[in-house]
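Everything on this sheet refers to the single structure shown next.
Source: prediction; values computed, not measured. This chain uses plain numbering: 1 for the first residue, then up along the sequence.
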Amino acid sequence: MSSFDAVFAYQRTPPKIDNSFETRSKLLPCIKALLDENTLQSGSNLSKNSQGTLTVKNEEEMKIFFNVTLKTTTGKKGDPPIYLRFIKVEQLDIRKVLEYAKSGDEIFIEQYTTNANQRAVCAPSSMTVT
């Protein structure tokens, strides 16, 4: 498997996608997130001290490109959330995401696709940082 340096973006507005993460959370995830080949359960907690390589498999058990979004806040009342995105990665050292996270932040993982219809029918896999 080849290694890619992650590309990420920092923004204060939600990522421009057809449905928000919160709306799509009522759907089932179409992917399986793995940390060092161990399955991460959607809706579970992930320790801020976690280490390992994050990969994703689709329903056919094939490793795929994926996006990771960290939803965090500044902690100041009235400030909107900040979204840190790693886009189109094949594998990612989870520490690159967690270095920006604090307890209570949310991590969303979804299959990378250019097809908006596919994003609309799948919920991202999500975890809460503890």
Non-hydrogen atoms of Q111 and I64 that approach each other most closely: CG-CD1, 3.3 Å

E37 bridged to K63 by N-O distance under 4.0 Å: yes

Spacing of F65 atom CZ and I87 atom CD1 [to the nearest 0.5 Å]: 13.5 Å

Minimum side-chain heavy-atom gap T73-D79 below 4.5 Å: no

Atom pair OG (S125) and CD1 (I31), whose distance is rounded to the nearest 0.5 Å: 4.5 Å

OH-CG distance between Y100 and L84, expressed to the nearest 0.5 angstrom: 6.5 Å

Interatomic distance, L46 atom CG to T130 atom OG1 [nearest 0.5 angstrom]: 7.0 Å

Donor-acceptor pair, side chain of T69 and main chain of R85, under 3.5 angstrom: no

Test item: T74 and I82 side chains (from C-beta on) under 4.5 Å apart, heavy atoms: yes

Which residues share a salt bridge (Lys or Arg N to Asp or Glu O under 4.0 Å) with D36, sequence neighbours left out: none

By salt bridge (Lys or Arg N to Asp or Glu O under 4.0 Å) - contacts of K102 (at least two apart): D105

Side-chain ion pair, E99 and K48, N-O less than 4.0 Å: no

Min side-chain heavy-atom separation V68-I107 under 4.5 Å: yes

Exercise: identify the closest heavy-atom pair between S50 and L98: O-CD1, 3.7 Å

Gap separating the CG atom of L54 from the CG atom of L35, nearest 0.5 angstrom: 6.5 Å

Atom pair CZ/CZ of F66 and F108 - distance to nearest 0.5 Å: 16.0 Å

Main-chain N/O of T53 paired with D93 side-chain donor or acceptor, under 3.5 Å: no

Note: E59-K32 ion pair, threshold 4.0 Å (strictly below): no

Heavy-atom closest pair, residues A101 and V129: CB-CG2, 4.0 Å

